[in-house]
Amino acid sequence: MNEEIQRHYLETSIYTYAGAYKDFLLSLPDEIPSIGRWVCDQITHPSMYFTEPSPYLEGSYFGKFASYPKRRFKNEDELYITAVSMLAGILYLNGGAVGRKDVTKRITVSCRQASVLFSAILKAKGIPCRSRAGFMDFGDAGESYLEHWVNEYWDSGEGRWVLADVDGYYEYEVRFGYSQFDLPRRKFVTASEAWLGLRRHTLDKKLDVFTPDLLQGVCEYLFMDFHALMNNEIFYSYQPLYLRDGIQFLGEPELRELDELAELLREPDENRERIKEMWEHNEKLSVLTNNTQNIYEDVFR
């Protein structure tokens with residue numbers, strides 16, 4: 001990887017900027033697995049409060065989910081959008097954030113936030129890192145791939161991007177024979193691969209998305225991955241304005257434009273200049289709106 005790309009993924013966004021917390025991040029361990037475990041130990045996933053509690057997880061990692069304060073939201077994603085806000089929340093809850101925490105001392109956020117926090121730490125430590133949005137196989141047989149954010153960090157010694165997932169525990173993947181901080185590529189389907197597979201009817205994997213329309217859900221992840229690769233790790237509800245009414249209203253020329261974007265994103269380093277050109281000159285793809293803005297626009301039209 002050339003130096004320009006490395007510099008690009010050392011840059012921070014409003015989401016990964018460490019601000020006054022940079023010295024704190026520098027005080028954390030330097031080994032990737034230790035950093036990954038530290039992130040895992042500071043968060044709990046919202047889904048854990050809406051499913052049957054796992055005695056194993058409660059006993060091994062989190063403590064009793066019933067002890068979670070009733071006054072707190074069971075999903076704090078909107079409270080903790082940036083790394084700075086997450087670090088402030090972690091320190092507020094525990095006054096130091098060192099070691100494993102029970103649920104009362106963790107922020108309750110999902111995979112996008114975990115990915116942003118991990119990126120922020122590695123960037124602060126001088127390790128090129130990027131967040132990626134796509135679909136993860138949480139088992140090991142490739143039976144189903146669920147919406148998910150992960151990270152890629154640059155291992156200069158091995159000269160490769162390493163795939164890592166810091167959103168909770170899978171026993172650090174020991175039961176599968178590999179670490180969740182160095183995952184096999186088959187575990188993760190990028191948004192561009194999913195999009196092109198659906199459009200060309202070649203996708204041989206089952207995708208689980210929360211959006212009723214599968215192509216719409218994959219399209220949302222395509223844009224999140226595009227922005228993340230440009231160091232703009234957007235929140236789930238941020239999408240291009242022209243997609244606010246749904247993908248079913250796009251014509252074939254606009255769909256082919258998304259095909260072109262997806263094709264470029266399959267090899268983001270090799271296609272960096274063309275992706276950057278689309279980012280800088282095609283405002284339709286890079287200028288966003290969110291649900292709240294949509295509401296206000298409708299009211300004051």
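Note: hydrogens, waters and symmetry copies are ignored here, and every other heavy atom, side chains too, is used. A quick note: this is a predicted structure, and the numbers were derived from the prediction, not measured.
Without hydrogens or angle criteria, Gln216 side chain to Ile247 main chain gives a donor-acceptor distance under 3.5 Å. Side-chain atoms of Glu147 come within 3.5 Å of backbone atoms of Phe210 as a donor-acceptor pair (strictly under, hydrogens ignored). Glu143 places no side-chain N or O within donor-acceptor distance of the main-chain N or O of Asp137, the cut-off being under 3.5 Å. Here the side chain of Ser60 pairs no donor or acceptor atom with the backbone of Leu57 at under 3.5 angstrom. Between the side chain of Asn2 and the backbone N or O of Ile5, at least one donor-acceptor pair lies under 3.5 Å. Not one N or O on the side chain of Asn75 forms a donor-acceptor pair closer than 3.5 Å with the backbone of Val109. Looking at Thr51, its side chain does come within 3.5 Å of a backbone N or O of Ser47 through a donor-acceptor pair. The backbone N or O of Glu277 sits nowhere less than 3.5 Å from a side-chain atom of Glu280 that would complete a donor-acceptor pair. The main-chain N or O of Val116 is never found under 3.5 Å from a side-chain atom of Ser119 such that the two would form a donor-acceptor pair. The backbone N or O of Glu267 sits less than 3.5 Å from a side-chain atom of Asn271, completing a donor-acceptor pair.
To the nearest 0.5 Å, atom CG of residue Leu258 and atom CG of residue Leu285 are 7.0 Å apart. Interatomic distance, Ser286 OG to His281 NE2, rounded to the nearest 0.5 Å: 10.5 Å. One distance of note links CE of Met230 with NE2 of His227; it measures 9.5 Å at 0.5 Å rounding. The NZ atom of Lys125 sits 8.0 Å away from atom CD1 of Ile121, with the distance rounded to the nearest 0.5 Å. If you take CG on Leu91 and CD on Gln42, they are separated by 9.0 Å, rounding to the nearest 0.5 Å. With rounding to the nearest 0.5 Å, the separation of CD1 in Ile234 from CD in Glu220 is 9.5 Å.
Residues Cys129 and Trp154 form no side-chain contact, since every pair of their non-hydrogen atoms from C-beta on lies 4.5 Å or further apart. Side chains of Asp102 and Lys105 form a contact here, defined as non-hydrogen atoms less than 4.5 Å apart. Side-chain contact check for Asp208 versus Phe138: every heavy-atom pair is 4.5 Å or farther apart. At a threshold of 4.5 Å between non-hydrogen side-chain atoms, the residues Lys101 and Leu93 do not count as touching. Taking 4.5 Å as the limit, every side-chain heavy atom of Trp38 sits out of range of all side-chain heavy atoms of Phe118. The side-chain heavy atoms of Trp195 and Cys219, taken from C-beta on, include a pair separated by under 4.5 Å. Within the 4.5 Å cutoff, side-chain heavy atoms of His45 are placed close to those of Ser110. With contacts defined as side-chain heavy-atom distances shorter than 4.5 Å, the pair Leu87/Leu117 qualifies.
Clustering ILVMFWY residues whenever any of their side-chain heavy atoms sit less than 4.5 angstrom apart, transitively, puts Leu288 in a cluster other than the one holding Phe249. Residues Ile35 and Tyr17 are members of separate hydrophobic clusters, defined by side-chain heavy-atom contacts under 4.5 angstrom among Ile, Leu, Val, Met, Phe, Trp and Tyr. Connection of Tyr236 to Phe73 is not established within any shared hydrophobic cluster, with ILVMFWY side chains joined at heavy-atom distances below 4.5 Å, either directly or through further cluster members. Side-chain heavy atoms closer than 4.5 Å link hydrophobic residues (I, L, V, M, F, W, Y) into clusters, and following such links, even through other members, never connects Leu10 to Leu26.
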> For Glu257 and Asn282, what are the C-alpha separation, side-chain angles and deciding distance, and is it a side chain to side chain donor-acceptor pair (under 3.5 Å)?
Replying inline: CA-CA 11 Å; Glu257 184 178 51; Asn282 191 335; 2.9 Å; yes

> Is there a salt bridge (Lys or Arg N to Asp or Glu O under 4.0 Å) between Asp140 and Arg186 once you walk through the steps?
Replying inline: CA-CA 9 Å; Asp140 196 46; Arg186 62 180 170 78; 3.2 Å; yes

> Arg185 and Glu152: salt bridge (Lys or Arg N to Asp or Glu O under 4.0 Å), yes or no, with the steps?
Replying inline: CA-CA 11 Å; Arg185 285 286 156 178; Glu152 292 175 326; 2.6 Å; yes

> Taking it one step at a time, do Arg72 and Glu76 satisfy salt bridge (Lys or Arg N to Asp or Glu O under 4.0 Å)?
Replying inline: CA-CA 8 Å; Arg72 285 177 59 189; Glu76 297 176 318; 3.0 Å; yes

> Going through the checks in order, is the ring-ring contact (aromatic ring centres under 6.0 Å, His included) test met by Trp161 and Tyr9?
Replying inline: CA-CA 11 Å; Trp161 286 108; Tyr9 291 114; 5.5 Å; yes

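Separation of the Phe188 and Phe135 ring centroids does not fall under the 6.0 Å cut-off. Aromatic ring centres of Trp279 and Phe226: separated by under 6.0 Å.
The 12-atom threshold is not exceeded at NZ of Lys22, counting heavy atoms of other residues, nucleotides or ligands nearer than 6.0 Å. Within 6.0 Å of CD1 on Ile14 lie no more than 12 heavy atoms contributed by other residues, nucleotides or ligands. More than 12 heavy-atom neighbours from other residues, nucleotides or ligands sit within 6.0 angstrom of CD on Glu254. Counting heavy atoms of neighbouring residues, nucleotides and ligands inside a 6.0 Å radius, atom CD of Glu283 does not exceed 12 of them. More than 12 heavy-atom neighbours from other residues, nucleotides or ligands sit within 6.0 angstrom of CD on Glu4.
Between Asp213 and Thr211, the side chains place no donor N or O within less than 3.5 Å of an acceptor N or O (distance only, hydrogens not considered). For the 3.5 Å distance criterion, the side chains of Asn231 and Ser13 fail to qualify, holding no donor opposite an acceptor. Side-chain contact annotation: Tyr68 with Thr108, donor-acceptor N/O pair under 3.5 Å present. Using a 3.5 Å distance cut-off with no hydrogens or angles, the side chains of Ser115 and Asn151 do pair a donor with an acceptor.
What you find for Ala133 and Met224 is that their closest heavy atoms are CB-CB, 3.9 Å. Tyr145 and Lys187 make their closest contact through CE2-O, 3.6 Å (heavy atoms, listed as atom of the first residue, atom of the second, distance). Closest approach of Ile43 to Phe62, counting heavy atoms only: O-CE2, 3.8 Å. The two residues Leu222 and Leu265 come nearest to each other via the heavy atoms CD1-CD1, 3.9 Å. Residues Val150 and Leu163 share a closest heavy-atom pair of CG2-CD1, 3.6 Å. Nearest heavy-atom pair across Tyr80 and Gln113 is O-CG, 2.9 Å.
Checked for salt-bridge contact, Arg199 and Glu252 meet the test: a charged N lies under 4.0 Å from a carboxylate O. Remark: Lys123 does not engage Glu233 in a salt bridge, criterion side-chain N to carboxylate O under 4.0 Å. Between Arg256 and Glu260 there is no salt bridge, since none of the side-chain N atoms of the basic residue sits less than 4.0 Å from a carboxylate O of the acidic one. Salt-bridge annotation for Arg160 and Asp155: absent, with no side-chain N of the basic residue lying under 4.0 Å from a carboxylate O of the acidic one.
The aromatic rings of Tyr238 and Tyr15 are tilted relative to each other, their planes meeting at an angle between 30° and 60°.
Among the candidates Arg130, Arg132, Arg112, Arg266, the single residue satisfying the salt bridge (charged side-chain N to carboxylate O under 4.0 Å, His left out) test with Asp225 is Arg132.
Taking the centre and axis of the six-membered ring of Tyr242, the NZ or CZ atom of Lys284 falls inside the cone set by 45° and 6.0 Å.
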